[in-house]
J.: 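Here it is: the structure, laid out below.
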Number of protein chains: 2
Amino acid sequence: MKDIYNKIVDCQLFNGVSDIERLLSNFDVIIKKYNKDEEIIGYGDNVKILIVISGSLLTVSEDWQGNRNVISHIGKSGIFGVAHVFSNSRSTARVVCESDAEVAIIGIQKAYQDFLSQDYGKFIHNALLIVSNNCISFLEKVEHLSRRSMREKIISYLQACRSKQSSDEFELSFLRQDMADYLAVDRSALSAELSKMKKEGLIDYKKSWFKIKFNGLIK
Amino acid sequence: MKDIYNKIVDCQLFNGVSDIERLLSNFDVIIKKYNKDEEIIGYGDNVKILIVISGSLLTVSEDWQGNRNVISHIGKSGIFGVAHVFSNSRSTARVVCESDAEVAIIGIQKAYQDFLSQDYGKFIHNALLIVSNNCISFLEKVEHLSRRSMREKIISYLQACRSKQSSDEFELSFLRQDMADYLAVDRSALSAELSKMKKEGLIDYKKSWFKIKFNGLIK
DNA sequence: ACCATTTTGTTGTAATTACAACGGATTTAT
DNA sequence: ATAAATCCGTTGTAATTACAACAAAATGGT
C-alpha cells in the first residue's frame with residue numbers, strides 16, 4: 001500500500017489531499033505492468049481511471065477498413081478515464097501501450113459513501129480540473145479535424161504545438177504515422193504535403209523536430 | 001434575485017443543492033436576452049458559464065476562408081463554458097444564437113472562498129458530471145470527423161443519433177448546412193451523398209427527419 | 001560494421017470531394 | 001395569395017487526397 005502510494009502521489013488527482021492513504025483506502029487501486037502494444041482498455045469496456053507511472057499510452061480507434069484514429073497521447077503522469085467514469089460511459093476507443101508501461105488502475109466506486117469528506121471534495125475538484133483540460137484538448141483536436149484541407153489541418157496542429165511549447169521549434173510526441181492518424185489523413189500524403197510546405201519555406205522539420213517559419217495566417 | 005432563481009433552478013448544475021439562493025449569492029449572475037444570430041461569446045473572450053433559459057445556441061468557429069465549423073448545439077437548459085471556466089481557457093470559438101434566446105450568465109470567481117461548504121461541493125460535483133458528459137460528446141464528434149470518407153462520417157453521425165434516441169427514426173437538431181458544418185464537409189456534396197444513400201436503400205430522410213435502414217456495418 | 005526492421009519521402013493514378021451554378025421546394029412575411 | 005427569402009437537391013468540372021508501390025534514410029540488435 002505504501003508502495004502504491006509512492007507511485008501515484010504526484011498525480012494531479014491528489015493535489016491538496018491531506019491524507020492520501022486514507023483516500024486511497026476507499027478506492028480499489030492496482031498497479032500493473034504492460035508491454036508495448038498491449039491493450040489496457042478495449043472497445044465497450046468499462047473504464048477505470050488510469051494513471052501512467054512510466055511509459056506512455058495512446059487512445060486509438062479503428063474503423064472497419066482498418067484506418068486508425070489516434071485520439072490522444074498520454075505520457076508519464078498522464079491520466080485517462082476520468083470523464084468516462086463520471087459520465088458513466090463505456091469506452092468507444094482502445095487504450096494501448098505506446099511503449100512498455102506501468103499503470104495505476106483506480107476504481108472509485110466504493111468511495112461514494114465518503115462523499116463529503118474534505119479530501120474527497122478536493123479529489124472531485126481535481127478531477128473537475130483534469131476533465132476540463134481534457135475537454136479543451138478534444139476541442140482543439142476537433143478544431144484541427146474540421147479544417148477543410150490537409151494543409152489547413154497541418155497548420156492548425158502545428159500552431160497548437162507552438163502555442164503549447166511557446167516556441168517556434170518543438171519536438172512532436174508523434175511519429176509520422178501517428179501524426180497522420182491523429183489528423184485523419186494518409187501518411188504518405190502527409191509526408192508529401194509536409195515536404196511541399198518545406199519547399200515553400202513555411203516550415204522546417206526533420207523527423208519529429210519541427211520549426212514554424214510563418215507568422216499568422218498563410219496563403 | 002428570486003426571479004433569477006426561478007429561471008435557472010432546474011439546471012443540472014444545482015442538483016441536490018439545498019440552498020440555491022445562498023449559493024447564487026456567491027456568484028455573479030445576470031440574465032440577458034439575445035436576438036437570433038447575435039454573438040454571446042467571441043474568439044478569445046473570457047468565458048463564463050451560460051445556461052440556456054429559452055431558445056438555442058451554436059458554438060461555431062470559422063477559418064480564414066470562411067468555412068464554418070459547427071462544434072456543438074446547445075438547446076434549452078443546455079450549459080456552456082464549464083470546462084473553459086475550470087481549465088481557465090479563453091474561447092477559441094464563438095457562441096451564437098441559433099434563435100432568439102434568453103441566457104443566464106454565471107460568474108463563479110468570487111465563490112472560491114466558500115470552497116468547502118456542502119452546497120459548493122455538490123455544485124462542483126455537478127460541474128464534474130457536466131464536463132464529463134461534454135467531454136464524451138466531443139469524443140463522439142472526433143470519432144465522426146476522423147472518418148476517412150464523407151459516407152463514413154455520415155454513418156458515424158447517424159449511428160450516434162440512433163443510439164442517443166434509441167430509435168431508428170429521429171429528427172436532427174441540424175439543418176443541412178449545420179449538419180455539413182458539423183461534419184466539416186460541403187453542403188451540396190452532403191446532399192448528393194445522402195441522396196445516393198437513399199437510392200441505395202441505406203437510409204430514408206426528409207428534411208431533418210431521418211430513418212436508418214441498415215443494421216451494423218455497411219459496404 | 002552489417003543486416004533486419006522501421007520510419008519517412010516520392011511519384012503516378014484512381015477515387016473522392018469541393019465548388020459553382022442553378023432549379024425546385026418550402027417557409028415566412030406582408 | 002403572392003413575393004421574398006431560405007433551404008435543399010442536382011450536375012459537371014476542377015482540385016485534392018487516398019492508395020499502392022517503391023526508394024531512401026534512420027534505427028536497433030548482434
Side-chain angles (χ1 to χ4, degrees), chain A residues 36-37 58 62-70 98-100 144-157 171-200 203-210 218-219, chain B residues 35-37 58 62-70 98-100 144-157 171-200 202-210 218-219:
Chain A
K36 179 166 154 60
D37 294 329
L58 287 178
E62 286 104 13
D63 65 21
W64 58 277
Q65 289 163 318
N67 293 309
R68 189 179 72 144
N69 170 24
V70 170
E98 198 184 27
S99 62
D100 291 356
H144 309 327
L145 288 180
S146 60
R147 301 298 168 154
R148 303 309 168 91
S149 74
M150 196 164 68
R151 176 169 295 202
E152 292 301 320
K153 287 183 181 183
I154 294 170
I155 289 174
S156 173
Y157 173 63
E171 293 282 331
L172 302 186
S173 53
F174 287 145
L175 301 177
R176 276 300 169 283
Q177 182 69 61
D178 292 336
M179 179 176 172
D181 291 344
Y182 180 79
L183 297 178
V185 298
D186 181 73
R187 182 200 57 78
S188 66
L190 171 62
S191 278
E193 186 66 25
L194 285 173
S195 116
K196 211 193 306 180
M197 291 173 72
K198 189 196 279 190
K199 278 200 194 76
E200 294 177 26
I203 59 173
D204 196 9
Y205 64 93
K206 179 167 189 158
K207 299 212 16 128
S208 65
W209 172 84
F210 278 76
I218 316 306
K219 204 207 155 184
Chain B
N35 298 320
K36 177 166 155 61
D37 294 327
L58 286 178
E62 287 103 14
D63 65 21
W64 59 277
Q65 289 163 317
N67 294 309
R68 190 178 71 145
N69 169 26
V70 170
E98 196 185 27
S99 61
D100 291 356
H144 308 327
L145 288 179
S146 60
R147 301 297 169 157
R148 304 309 168 92
S149 74
M150 197 165 66
R151 176 168 294 201
E152 294 301 319
K153 287 182 180 182
I154 295 170
I155 290 174
S156 173
Y157 173 63
E171 293 281 332
L172 301 187
S173 53
F174 286 145
L175 301 176
R176 272 305 166 282
Q177 183 68 62
D178 293 337
M179 179 176 170
D181 291 344
Y182 180 79
L183 296 178
V185 298
D186 181 73
R187 181 199 59 77
S188 67
L190 172 62
S191 278
E193 187 66 25
L194 285 173
S195 117
K196 209 191 312 178
M197 291 174 72
K198 190 197 275 192
K199 278 199 193 76
E200 294 177 26
L202 293 176
I203 59 174
D204 196 9
Y205 65 91
K206 178 167 190 156
K207 301 209 15 127
S208 67
W209 171 84
F210 278 76
I218 316 304
K219 206 214 153 179

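Remember, predicted model here, so these are calculated numbers, not experimental data. By convention in this document, chain letters (A, B, ...) are assigned in the order of the sequence lines, proteins followed by strands, and residues within each chain are numbered from 1.
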J.: Please report the shortest heavy-atom distance between A/E152 and B/W64, naming the atom on each side.
T.: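 The answer is OE1-NE1, 3.1 Å.
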
J.: Can you list everything that forms a ring-ring contact (aromatic ring centres under 6.0 Å, His included) with A/Y157? Sequence neighbours excluded, please.
T.: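 A/Y157 satisfies ring-ring contact (aromatic ring centres under 6.0 Å, His included) with A/H144, A/Y182 only.
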
J.: Between B/L145 (CG) and C/dT17 (P), how many Å, whole number?
T.: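 Interatomic distance, CG of B/L145 to P of C/dT17: 14 Å.
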
J.: Determine, stepwise, if the pair B/R176 / B/L194 fulfils side-chain contact (heavy atoms from CB on, under 4.5 Å).
T.: CA-CA 10 Å; B/R176 272 305 166 282; B/L194 285 173; 3.5 Å; yes

J.: Mind listing the N/O atom pairs, protein and nucleotides 23-30 of chain C, below 3.5 Å?
T.:
none

J.: Please name all residues satisfying side-chain contact (heavy atoms from CB on, under 4.5 Å) with A/K207, sequence neighbours left out, ordered by chain then number.
T.: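 A/K207: no side-chain contact (heavy atoms from CB on, under 4.5 Å) contacts found.
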
J.: Would you mind reading off the distance between A/M150 atom CE and C/dA18 atom C1', rounded to a whole angstrom?
T.: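 Rounding to the nearest Å, CE of A/M150 and C1' of C/dA18 are 15 Å apart.
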
J.: Go nucleotide by nucleotide along DNA chain D from the 5' end; which of B/K199 and B/K36 gets its closest nucleotide reached first?
T.: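 Result: B/K36.
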
J.: Near DNA chain C, counting only heavy atoms under 4.0 Å, which residues of residues 172-182 of chain A show up?
T.: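 Here the set is A/L175, A/R176, A/Q177.
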
J.: So, for A/F174 and A/S208, which heavy atoms are closest and what is the spacing to 0.1 Å?
T.: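 Nearest heavy atoms, A/F174 then A/S208: O-CB, 4.0 Å.
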
J.: Salt bridge or not for B/K153 and B/E193, using N-O below 4.0 Å?
T.: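 No, this pair does not count.
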
J.: Rounded to whole Å, please give me the gap between CG in B/D37 and P in D/dA5.
T.: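 Spelled out: CG on B/D37 to P on D/dA5 is 16 Å.
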
J.: In Å, rounded to the nearest 0.5 Å, how long is the span from CZ of A/F210 to CD1 of A/I203?
T.: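 Here the rounded value is 5.5 Å.
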
J.: To the nearest Å, how far apart are A/E98 CD and C/dT6 P?
T.: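 Result: 16 Å.
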
J.: Between C1' on D/dA26 and OH on A/Y205, what's the gap in Å once rounded to a whole number?
T.: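 Checked: the OH to C1' distance equals 15 Å.
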
J.: What's the CD-C1' distance between A/Q65 and D/dT17, to the nearest Å?
T.: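 Answer to the nearest Å: 15 Å.
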
J.: If you compare all heavy atoms of A/A184 against all heavy atoms of A/L145, which two are closest, and at what distance to 0.1 Å?
T.: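 For A/A184 and A/L145, the tightest heavy-atom pair comes out as CB-CD2, 3.9 Å.
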
J.: When rounded to the nearest 0.5 angstrom, what is the spacing between CG in B/L58 and CG in B/D37?
T.: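 If I round to the nearest 0.5 Å, the distance is 9.5 Å.
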
J.: Counting N and O atoms only, with roles assigned by atom type, does the side chain of A/R187 sit under 3.5 Å from a partner on the main chain of A/V185, one being a donor and the other an acceptor?
T.: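 A pair under 3.5 Å: no.
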
J.: Salt bridge check: are B/D178 and B/R68 linked by an N-O gap of less than 4.0 Å?
T.: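 A salt bridge is present here (some side-chain N lies under 4.0 Å from a carboxylate O).
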
J.: State which residue, out of B/D181, B/D63, B/D186, fulfils the salt bridge (Lys or Arg N to Asp or Glu O under 4.0 Å) condition with A/R148.
T.: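 Passing option: B/D181.
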
J.: Report the distance from atom NZ of B/K153 to atom C1' of D/dA18, rounded to the nearest whole Å.
T.: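 My rounded result for the distance is 14 Å.
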
J.: State the CD-OG distance between A/E200 and A/S195, to the nearest 0.5 angstrom.
T.: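 It comes to 9.5 Å.
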
J.: Over its full length, what angle do the end axes of the helix from C/dA1-D/dT30 to C/dT30-D/dA1 make, each axis taken from five pairs and the result rounded to 10 degrees?
T.: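 Comparing the first five pairs with the last five, the axes sit 60° apart.
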
J.: Residues from residues 187-198 of chain A sitting under 4.0 Å of DNA chain C, heavy atoms only?
T.: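 Per residue number, the list reads A/R187, A/S188, A/S191, A/A192, A/S195.
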
J.: Answer yes or no: is there a side-chain heavy-atom contact under 4.5 Å between A/M197 and A/I155?
T.: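 With C-beta onward as the side chain, the pair touches.
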
J.: Between P on C/dT13 and CG on A/D186, what's the gap in Å once rounded to a whole number?
T.: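 Spelled out: CG on A/D186 to P on C/dT13 is 18 Å.
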
